[in-house]
Asker: 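Next up is a structure, given as structure tokens.
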Amino acid sequence: MTATVDTPTEPATPSRQPSRRWIGFGIANLVIVLVLAVASWYLLADPTTSPWSFYPLPFNAALFWAILFVVFIGFNCEFAGFDRLPQPAKGLAIMVATAVFAVVVTWLLANGLGSLYPDFAADREGGLGYFAGALFVLFGFGTWVMVVLNWQHWPWTSLGMKQPLVGLCEIAFVAVPTLALYFVFGLPSVSLSATDPLMTVDTVLGWFYCVVVVVILTGQTLDNWPWRLFGGGGKTALAATIGNFAVGTGLYFVALPVVKALVGSDAVAELGGVVHQFPAQLGVCWAFWMIFWANAFGNKPTGFSDGVNLAIRALFTFALAVVTFLFYYRFAAEHILHEPAVVDGLHGNALGFVDWAVLWTLFYVVGFQSLGLGKFKPAEG
């Protein structure tokens, strides 16, 4: 007879399989953000359902200032003061403060400054007075976001400063180069008195939004690669500043033929010079997905090698951007959002609704911290 030995049973251990809860959590956030964005669009901006005539301006102008304000309080100041409030008071305070800031600044520029300088006047044909003031925000999206994502609050944190002083210093000091960019490239392209601007307004939009895309791509999606390789501090800040402008400029020249292929030759012919802003239209779709992916989907993947993680994030969010661009211009802008045609077969302006979705992402996912979805949120780490 052969003796048998009882093998001790190993204690149960948690599954080593990676959790997939982040997928459901991200999708739930996406559904809520889109419902909030579309419902509020119908109320405030939709050309056929809104009781007001805000579309496209001054709605888009206030929208741009709203996003910049969230950058100020959320990115630069890291919600200092707001973070003391419990939910939902924190989210509501962020929304109310943002709305007040956006409306007040838009009104003051158009009706205050506009009474002195006709470039900004509210009654300028086509709402261009509102647009002239809001064009400043385009450059702010690049500069004030860069000092957070790429510079990582240098040099203020290295000087021992704490929030909100860090953010206030960033806002104040970075205003100088932002204004310089606006006065050199932005305002001349829309000014009534400028005779020979460096770029047309369409080229300014297309080019600088590509710089903004690179700031978000490198700083958030790629975890500040490759600028982090320069050693941190001032070296990384300098490399990021030069690199973002150089790569962003290159991206503009790459994106231009891509968007021409996406919209088709007939549309390109009808658009004429306006096609030069379409890298920004594709860029805002990519910016939305990079921001949403980082905040709602945890910037996955994180479990592969560094290079594989970064490559998958970049390629996947870009693929989503292309799909979003085509769906928006070929279907959603006309049939869901009721926006007018740009040319035959294309409707809307992605810098409007897609930025509106970005703002609601910042409100709900970041400001309200995905309120109501806590039990679906994946465990940290």
Side-chain angles (χ1 to χ4, degrees), residues 23 26-57 59-60 63-64 67 127 202 205-206 209-210 212-213 216 254-293 296-297 315-365:
I23 300 174
I27 292 173
N29 273 284
L30 181 61
V31 170
I32 292 172
V33 165
L34 291 179
V35 168
L36 290 170
V38 172
S40 56
W41 175 271
Y42 285 158
L43 175 64
L44 297 173
D46 190 290
T48 63
T49 65
S50 174
W52 299 285
S53 300
F54 294 154
Y55 178 91
L57 293 160
F59 178 80
N60 284 355
L63 167 61
F64 299 156
I67 297 176
D202 296 306
L205 285 170
Y209 207 96
C210 285
V212 174
V213 166
I216 299 171
V254 172
L256 191 56
V258 171
V259 294
K260 287 181 178 180
L262 291 176
V263 302
S265 57
D266 291 342
V268 171
E270 284 190 68
L271 287 168
V274 176
V275 76
H276 289 275
Q277 72 165 259
F278 268 68
Q281 309 289 340
L282 178 59
V284 73
C285 298
W286 197 3
F288 167 78
W289 279 111
M290 288 189 288
I291 294 168
F292 196 90
W293 195 258
F297 285 96
L315 293 173
F316 187 65
T317 52
F318 178 72
L320 288 173
V322 172
V323 172
T324 301
F325 176 88
L326 292 173
F327 177 72
Y328 170 81
Y329 273 106
R330 297 295 188 186
F331 180 81
E334 178 183 7
H335 298 289
I336 300 176
L337 306 173
H338 312 124
E339 297 186 76
V342 181
V343 295
D344 187 33
L346 298 179
H347 287 72
N349 178 355
L351 291 172
F353 180 78
V354 178
D355 263 331
W356 187 236
V358 169
L359 181 61
W360 274 107
T361 299
L362 297 175
F363 279 160
Y364 178 70
V365 182

Asker: Working to the nearest 0.5 Å, report the span between NE2 of His335 and CZ of Arg330.
Answerer: 11.5 Å

Asker: Testing the basics here: between Phe297 and Ile27, what is the closest heavy-atom pair and its distance to 0.1 Å?
Answerer: CZ-N, 3.6 Å

Asker: For residues Leu351 and Asp355, report the shortest heavy-atom separation together with the two atoms involved.
Answerer: O-OD2, 3.1 Å

Asker: How long is the gap from CZ on Phe64 to CZ on Phe59, to the nearest 0.5 Å?
Answerer: 9.5 Å

Asker: Before you tell me yes or no, could you show the steps for Trp286 and Thr317 under side chain to side chain contact (heavy atoms under 4.5 Å, CB included), namely the whole-Å CA-CA distance, both residues' side-chain angles and the distance that decides it to 0.1 Å?
Answerer: CA-CA 6 Å; Trp286 197 3; Thr317 52; 3.0 Å; yes

Asker: With side chain to side chain contact (heavy atoms under 4.5 Å, CB included) as the test, would you mind laying out the steps for Asp344 and Asp266 before giving the verdict?
Answerer: CA-CA 8 Å; Asp344 187 33; Asp266 291 342; over 6 Å; no

Asker: Any idea which heavy atoms bring Val275 and Leu271 closest together, and the distance?
Answerer: N-CB, 4.0 Å

Asker: Check whether any side-chain N or O of Ser40 sits under 3.5 Å from a backbone N or O of Ala37 as a donor-acceptor pair, and report yes or no.
Answerer: yes

Asker: Tell me the closest heavy-atom pair linking Ala333 and His347, and the distance in Å.
Answerer: CB-O, 3.2 Å

Asker: Supply the atom-to-atom distance Ile291 CD1 to Ile67 CD1, rounded to the nearest 0.5 angstrom.
Answerer: 7.5 Å

Asker: Pair Phe278, Leu282 - check side chain to side chain contact (heavy atoms under 4.5 Å, CB included), show working.
Answerer: CA-CA 6 Å; Phe278 268 68; Leu282 178 59; over 6 Å; no

Asker: Could you state the interatomic distance from CG (Asn349) to CD (Gln277), rounded to the nearest 0.5 Å?
Answerer: 6.0 Å

Asker: Nearest 0.5 Å, please: how far is CG in Leu30 from OH in Tyr364?
Answerer: 11.5 Å

Asker: Taking it one step at a time, do Val323 and Leu320 satisfy side chain to side chain contact (heavy atoms under 4.5 Å, CB included)?
Answerer: CA-CA 5 Å; Val323 172; Leu320 288 173; 5.7 Å; no

Asker: If you take all heavy atoms of Asn29 and Phe292, which pair is closest and at what distance?
Answerer: C-CZ, 3.6 Å

Asker: Which of these, Tyr329, Phe325, Phe331, sits in a side-chain contact (heavy atoms from CB on, under 4.5 Å) with Phe327?
Answerer: Phe331

Asker: Leu44 versus Trp356: any side-chain heavy-atom pair under 4.5 Å?
Answerer: yes

Asker: Roughly how far apart are Phe353 CZ and Cys285 SG, rounded to 0.5 Å?
Answerer: 10.5 Å

Asker: Give a yes-or-no answer on whether the side chains of Gln281 and Tyr328 include a donor-acceptor pair shorter than 3.5 Å.
Answerer: no

Asker: Examine distances only and state if a side-chain atom of Trp41 and a backbone atom of Leu337 form a donor-acceptor pair shorter than 3.5 Å.
Answerer: yes

Asker: Which heavy atom of Leu346 sits nearest a heavy atom of Ala267, and at what distance?
Answerer: CD1-CB, 3.8 Å

Asker: Quick one: does any side-chain atom of Tyr42 pair with a main-chain N or O of Thr48 as donor and acceptor, under 3.5 Å?
Answerer: no

